[in-house]
Amino acid sequence: MRKLLITIDGPAGAGKTTVSKALADRLEYNYIDTGALYRGVAFEARARGIALDDDAGLEGMCQSLGLRFIRDAAGVRLYSGIVDISGHIRSPEMSMMASAVSARPAVRRALLDVQRRLGAEKAAVFEGRDMGTVVFPEADLKFFLTADLSVRALRRHRELEEKQSPQKLLDVKKDMERRDQNDSSRKEAPLRPADDAIMVDSTSLSVDQIVERMLDCVKKKIAGADN
Ligand code: DC
């Protein structure tokens with residue numbers, strides 16, 4: 001069967017990660033979380049004392065940065081060199097730092113190649129902000145997943161509680177609004193739906209409902225291409 005490259009973009013908390021993983025599992029495709037790469041850059045910049053607006057410093061760092069995904073029994077882990085940094089990149093602080101660093105052109109340039117290499121073999125679901133617009137404008141199927149801000153904030157609040165790093169709901173909501181604003185107003189590759197993206201509003205849909213809807217689109221795409 002023809003293998004597709006599928007992109008899922010959207011704001012924080014819209015359910016991209018859960019839905020992308022489930023869709024990739026159902027299709028037996030790779031799942032690539034591109035936000036983790038920006039989080040990895042932010043993590044390394046902090047560890048090395050590089051300011052998030054120091055373009056030359058960030059560019060130099062990115063040239064020698066060995067970020068890679070490794071699949072193990074616990075799922076997909078993010079390594080920087082030989083160090084598993086997955087446990088350090090999900091805090092609210094790292095979310096804001098990743099958003100800041102993602103606005104720097106040098107960082108986006110460096111990660112563009114990494115992402116395109118990961119997509120070379122297709123059979124993958126890529127989640128991010130600019131997958132359908134910039135990284136893979138030729139993707140076979142593009143989704144843009146949204147949800148009301150209050151629902152997204154509540155989801156993220158619960159997630160942080162489960163990870164034992166709770167944050168007040170009001171603060172989660174404020175951070176999310178700020179991050180949406182940063183991510184959609186930056187000059188380089190701002191968060192926006194591709195012209196040919198299928199819009200999915202997850203506010204009142206379950207994960208299963210969304211995944212089934214997406215699988216229908218995949219089937220149609222494959223059937224259409226086979227005709
Ligand atoms: O998906 P996430 O919340 O883990 O992403 C963290 C930040 O990284 C997000 O606020 C913006 C940035 N990002 C990006 O600019 N482009 C992507 N493709 C993915 C993430």
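Atoms within a ligand are numbered from 1 in the order they appear, just like the ligands themselves. On a predicted model such as this, the values are computed, not experimentally measured, just so you know.
If you check which protein heavy atom lies closest to atom 4 (O) of ligand 1, you get Arg39 NE, 2.7 Å. If you check which protein heavy atom lies closest to atom 16 (N) of ligand 1, you get Arg108 NH2, 3.0 Å. From the protein, the heavy atom lying nearest to atom 11 (C) of ligand 1 is Asp183 OD2, 3.3 Å. For atom 20 (C) of ligand 1, the nearest protein heavy atom (residue, atom name, distance) is Gly35 CA, 3.5 Å. Protein heavy atom in closest approach to atom 6 (C) of ligand 1: Arg179 NH1, 3.5 Å. Scanning the protein for heavy atoms near atom 8 (O) of ligand 1, the closest one is Tyr38 CB, 3.5 Å.
Counting heavy atoms from C-beta outward, Leu65 and Glu44 have side chains that approach closer than 4.5 Å. Residues Met61 and Val41 meet the side-chain proximity criterion, which asks for heavy atoms closer than 4.5 Å.
At a 4.0 Å heavy-atom cut-off, ligand 1 touches Arg186 through the side chain alone. With a 4.0 Å cut-off on non-hydrogen atoms, Arg129 touches ligand 1 through its backbone as well as its side chain.
For Arg156 and Glu159, the salt-bridge test passes: some basic side-chain N is under 4.0 Å from an acidic carboxylate O. Remark: Asp9 does not engage Arg192 in a salt bridge, criterion side-chain N to carboxylate O under 4.0 Å. We find that Arg46 and Glu93 are joined by a salt bridge, their nearest charged nitrogen and carboxylate oxygen being less than 4.0 Å apart. Between Arg90 and Asp33, at least one side-chain N (NZ, or NE/NH1/NH2) sits under 4.0 Å from a carboxylate O, which counts as a salt bridge. Taking a cutoff of 4.0 Å between a charged side-chain nitrogen and a carboxylate oxygen, Glu59 and Arg109 qualify as a salt bridge.
Residues in residues 116-148 take part in these ring-ring contact (aromatic ring centres under 6.0 Å, His included) pairs, two or more places apart or across chains: Phe126-Phe136.
Every atom of ligand 1 with a heavy atom of Asp130 under 4.0 Å away is listed here by number and element: 16 (N), 17 (C), 18 (N). Shown in contact with Met131 at under 4.0 Å from a heavy atom are these atoms of ligand 1, numbered in order with element: 18 (N). Near Ser102, the atoms of ligand 1 lying under 4.0 angstrom from a non-hydrogen atom of the residue are 11 (C), 12 (C), 15 (O). Each of the atoms 10 (O) of ligand 1 lies under 4.0 Å from some heavy atom of Ser99.
Through chains of ILVMFWY side-chain contacts below 4.5 Å, Leu160 is grouped with Val172.
Below 3.5 Å of separation, one finds no N or O of Gln115 facing any N or O of ligand 1. Remark: ligand 1 and Lys16 share no N or O pair separated by less than 3.5 Å (distance only, no angle test).
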